[in-house]
> 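Before we start, here is the structure in question, set down as structure tokens.
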Amino acid sequence: MTHQSLAGEARSTSHGDSSWTGQQAELLRIGIGSLHETDPELAAMLDAEVSQQNSTLAMIASASIADPSVLAVGGAALSNVTAEGYPGARYHPGAQQFDRVENLAVERAKRLFGARYANVQAHSCSSANLAVLSALMRPGDTLLGLDLDSGGHLTHGSRASVSGRHYNAVSYGLDESGRIDFARLEELALEHRPRVLIAGASAYPRTVDFARFRAIADSVGAYLLADISHIAGLVAAGLHPSPIDVAHITTTSTYKQLGGPRGGLILSGVEYTTPGPDGRTPLSRLIQRAVFPQSQGTPSPASIAAKARAFAMAAEPAFRETARLILLNAQALAAELSALGYRVLTGGTDNHMVLIDTTGVGLTGVTAERALEECGILANRNRIPGDTKPPLVTSGLRLGTNILAQRAMGPVEMRECAQLLHTVLSGTRLQSDTDYLIDPALVATVREEVRWLCARHPLSIDTARVPVSLIGVGA
Ligand SMILES: *Cc1c(COP(=O)(O)O)cnc(C)c1O
């Protein structure tokens, strides 16, 4: 059974359930009603967004669709609670419910990932990474992370981020095959003896060998930070090796593959009691303090509740099914695109991501991205190893299958998606690095095909999928 049909059943029961009369549900209804009456301009924008998400083929590797229940929880009145600090140790009164919610989120995060420590307050994975770095390093200390142009993240030591300004950032890259160059990484570690080594990427289609990273970290006495922002869903589903007990600290975004609200999460496994750089303070204590009060103020209670909801959903068998489909789809998409003549970086994929070189069809990454967007297909430009174009132009495209799998599309539909991509890319002519020409008739045809494909594979946020008999008055 697919994620979609399971989710559909769960939703059908909740529609007929009397718990719908709760005060929070009433409040959401009143809120939307009053928004439509008093601010139709904004309401229309929000409606247009739902409609766009339902009818576009999103292959953004860093995105997923949050379940309607996750979105609803994110809009809860719990958001009105202002309470700095942690459960049982707040700096404001009135946080009883929030304490229970935050404890629930922490317990669910620990259970989902098999972790012993979790901090659910980080407002994003970027904040989480910066908090972890500030907990383990002093300004000027050395950090070793994957180069931005090789698929690393800004917070892994890029000069454009404080991680590359406050710390002495050294970066490793990829070998000729496009995989992490471990030989060079070992040399760099020995030469620079970093305080923190970061494993993880924003654009890397292969399995990350966390054990190998840990061995290198140990050889120079570094802490290992695993950033699983992109692959957290696969890790939770047991479809990518888990770094929880291998790294000292693991961070992730909650909105990417986890289908949660926008936010971050910090985890630790067996190393949570390991002393920090002072030789005394356990890592978990250092991280708690690094998030609050060192780098954040009040937590976002409704977001934390929405994280709790998403963690519960990610622990269900249906999530695992979707994760399995994400992998199958990425492999199928890579194979189809290769067969159509595209150079797929590293020759394939082990995760949700497929990176292609757009120069084969004579396009830059940005023109490919824009031509596709015009046709209702979303995928973002991406630098490729040895790229000669600047970051706003690039020579590659990053595709992801998270949302395609959430639409319950399988390998059969990947053939259709690859064909659509190819129709657009091969029908686009480059005018300059950032300009292109495409036949309006082709755009119209592809748009229609995309709309039809999406309609056949609706998202959980597509209200048209709810059986008419179940839509009650006011629901
Ligand atoms: C997206 C990403 C982040 C940042 O996540 P935000 O929650 O958007 O701040 C951090 N690390 C990696 C590897 C990412 O891909």
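What you see below is based on every heavy atom in this structure, not just the backbone, and it leaves out hydrogens, waters and symmetry mates. Just so you know, these numbers come straight off a predicted model, no measurement behind them. As the structure lists them, so they are numbered: ligands from 1, and atoms in each ligand from 1.
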> For ligand 1, which atoms sit closer than 4.0 Å to a heavy atom of Ser253?
5 (O), 6 (P), 7 (O)
> Going by heavy atoms, is Ala201 under 4.0 Å from ligand 1?
yes
> Measure from NZ or CZ of Arg90 to the centre of the six-membered ring of Phe98 and say whether it is under 6.0 Å with the direction within 45° of the ring axis.
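Judged by the rule, Arg90 and Phe98 form a cation-pi pair.
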> Side chain, backbone, both or neither: which part of Ser229 comes within less than 4.0 Å of ligand 1 when only heavy atoms are counted?
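Side chain only.
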> Taking the six-membered ring of Tyr436, is NZ or CZ of Arg370 closer than 6.0 Å to its centre and within 45° of its axis?
no
> Is a side-chain donor-acceptor pair under 3.5 Å present for Thr364 with Thr367?
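Present: a donor and an acceptor within the cut-off.
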> Do Ser202 and ligand 1 have an N or O pair less than 3.5 Å apart?
yes
> Nearest protein heavy-atom contact for atom 8 (O) of ligand 1: which residue, which atom, what distance?
Tyr255 OH, 2.5 Å
> Consider only side-chain N and O atoms of Ser64 and Asn402, and report whether a donor and an acceptor are under 3.5 Å apart.
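Note: Ser64 and Asn402 side chains miss the donor-acceptor criterion.
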> Determine whether the aromatic ring centres of residues His230 and Tyr204 are separated by less than 6.0 angstrom.
no
> So which protein heavy atom does atom 7 (O) of ligand 1 come closest to, and at what separation?
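Looking at atom 7 (O) of ligand 1, the protein heavy atom closest to it is Cys125 N, 2.8 Å.
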> Run the ring-centre check on Tyr172 versus His192 and record whether the distance is less than 6.0 Å.
no
> Judging by distance only, is a nitrogen or oxygen of Gly263 under 3.5 angstrom from one on ligand 1?
no
> Measure from atom 13 (C) of ligand 1 to every heavy atom in Asp227, Leu146, Thr254 and give the option owning the shortest one.
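Considering heavy atoms of Asp227, Leu146, Thr254, the nearest to atom 13 (C) of ligand 1 sits in Asp227.
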> I need the atoms of ligand 1 closer than 4.0 Å to a non-hydrogen atom of Lys256, numbered in the order shown.
1 (C), 2 (C), 3 (C), 5 (O), 14 (C), 15 (O)
> Taking atom types as modelled, is there a side-chain donor on Thr155 or Asn129 under 3.5 Å from an acceptor on the other?
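Yes, a side-chain donor-acceptor pair sits under 3.5 Å.
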